[in-house]
Amino acid sequence: MDVSLATSAGRADRSNEDFVGAVPGAVVLLDGAGIPGAESLCSHGVAWYTHRLGGALLGHLSRGDGRELAAILATAIGEIAAEHGDTCDIADPSSPQATVAMVRAQQDRLDWLLLADSFLIIDQVDAGPVVITDDREVTARRECSAPLAGIARGTPEYDRVRASCVTALRARRNQPGGYWIAKDDPRAAREAVTGSRSLADLNGVALLSNGASRIVNPYGRTDWPGVLDLLRAGGPAGVIACVRQAEAQTTGGADAHSPDDATVAHCTHLPR
């Protein structure tokens with residue numbers, strides 16, 4: 001399996017909180033999340049968390065012991081929680097956390113796992129691409145933000161209601177009926193979106209962090225088949241370059257998006 005990788009920080013003055021890496025037959029991509037200014041909760045920070053968790057996942061995957069991806073993720077979450085649980089308030093909703101995307105080619109199957117809103121594009125031999133994501137956080141965010149409808153931005157009322165919406169969203173994190181993300185509780189791994197396909201049916205697969213997926217939504221520069229075309233032409237770096245171009249051309253306003261860390265992995269020549 002050939003793997004090409006690219007990642008880019010959204011801002012030059014901040015660490016890249018994404019992580020991507022590969023071992024023979026497997027790829028891991030994480031998109032870090034946390035609340036800016038939460039250093040009092042965890043002195044290590046989000047980038048530290050994603051790199052430690054990503055490294056632990058690659059270490060377990062490299063053993064090739066055939067364990068289910070969810071079991072590997074649960075073990076790794078527990079290991080990193082133990083590393084800083086005595087010094088940091090890892091149970092606080094604002095402490096470092098990360099989305100997780102993993103693929104593994106094993107025997108004649110491709111296995112995958114997604115936890116929170118990264119994206120997997122499956123490039124099929126005889127059909128168009130299949131796009132898989134875990135959209136529970138997006139759904140929870142939309143539901144929790146409903147009270148903001150019709151309230152003017154920049155007003156005290158908007159700020160008050162928005163604060164209550166943020167609190168409501170955090171309360172749904174890693175809870176039944178809410179959404180799940182890698183953080184301090186290994187049980188979140190059991191809630192991941194998982195699947196498997198025959199390698200014979202696939203030309204390849206791609207993993208995109210939320211920041212890279214913006215090329216499709218909200219920027220609308222291409223569709224998912226177009227992302228595969230961009231990958232074939234310019235690799236992961238080409239996709240990220242298109243994202244940065246779209247960000248630079250986006251005008252300000254309520255719907256403008258700040259540049260985000262963007263990461264892409266592209267796997268081709270899958271073993272048969």
Side-chain angles (χ1 to χ4, degrees), residues 9-18 30-50 77 81 84-85 87-100 114-119 133-185 187-188 191 209-214 216-220 243 246-262:
R11 288 171 42 180
D13 60 342
R14 286 184 55 183
S15 298
N16 188 340
E17 295 175 345
D18 286 359
L30 279 69
D31 185 346
I35 305 302
E39 290 79 8
S40 61
L41 301 173
C42 176
S43 60
H44 301 93
V46 176
W48 176 90
Y49 180 76
T50 55
I77 291 174
H84 68 140
T87 59
C88 304
D89 187 3
I90 62 175
D92 189 282
S94 299
S95 64
Q97 55 213 261
T99 74
V100 180
L114 293 168
L115 188 67
D117 61 348
S118 293
F119 289 80
T133 189
D134 176 2
D135 61 1
R136 287 171 291 186
E137 180 179 0
V138 174
T139 299
R141 189 179 300 277
R142 181 173 60 248
E143 293 173 351
C144 291
S145 299
L148 286 169
I151 303 177
R153 289 174 179 264
T155 63
E157 182 184 8
Y158 182 91
D159 293 340
R160 177 184 61 79
V161 175
R162 185 179 184 279
S164 67
C165 292
V166 170
T167 299
L169 179 63
R170 292 178 187 170
R172 294 196 184 192
R173 182 178 297 140
N174 287 356
Q175 296 293 327
Y179 69 97
W180 303 85
I181 196 166
K183 191 173 175 292
D184 60 304
D185 188 351
R187 292 175 295 181
E191 306 296 331
S209 68
N210 180 269
S213 73
R214 289 179 173 186
V216 175
N217 184 21
Y219 296 133
V243 173
E247 289 169 344
Q249 294 173 351
T250 299
T251 58
D255 296 326
H257 291 258
S258 299
D260 190 14
D261 301 336

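Counting from 1, the numbers follow the sequence of the chain as shown. Please read these numbers as outputs of a predicted model, since none were measured by experiment. Only heavy atoms go into these numbers, but all of them, side chains included; no hydrogens, no water, no symmetry mates.
Checking side-chain atoms of Glu157 against main-chain N and O of Arg153 turns up no donor-acceptor pair under 3.5 Å. The backbone N or O of Cys42 sits nowhere less than 3.5 Å from a side-chain atom of Ser95 that would complete a donor-acceptor pair. Not a single donor-acceptor pair under 3.5 Å links the side chain of Thr50 to the backbone N or O of Gly32. At least one donor-acceptor pair closer than 3.5 Å links the side chain of Thr133 to the backbone N or O of Ser118. With hydrogens and angles ignored, the 3.5 Å screen pairs a side-chain donor or acceptor of Asn174 with a backbone N or O of Ile181.
In this structure, CH2 in Trp180 is found 9.5 Å from CG in Leu115, a value given to the nearest 0.5 Å. To the nearest 0.5 angstrom, Cys88 atom SG is 8.5 Å from Leu41 atom CG.
Using a 4.5 Å heavy-atom threshold, the side chains of Ser213 and Val216 count as separate. Counting heavy atoms from C-beta on, the side chains of Glu247 and Tyr219 come closer than 4.5 Å.
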### Query
Stepwise, does the side chain to side chain contact (heavy atoms under 4.5 Å, CB included) test hold for Arg214 with Asp260?
CA-CA 9 Å; Arg214 289 179 173 186; Asp260 190 14; 3.7 Å; yes
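Every residue two or more places apart in sequence or in another chain that forms a salt bridge (Lys or Arg N to Asp or Glu O under 4.0 Å) with Asp134 is listed here: Arg136. Partners of Glu137 according to the salt bridge (Lys or Arg N to Asp or Glu O under 4.0 Å) rule, which considers only residues two or more places apart in sequence or in another chain, are Arg141.
Residues Asn210 and Asp117 bring a donor and an acceptor atom of their side chains to less than 3.5 Å of each other. At a cut-off of 3.5 Å, with distance as the only test, a side-chain donor of Arg173 or Tyr179 sits close to an acceptor on the other residue.
Sequence neighbours left out, the pairs with a member in residues 175-185 that pass salt bridge (charged side-chain N to carboxylate O under 4.0 Å, His left out) are Asp185-Arg187.
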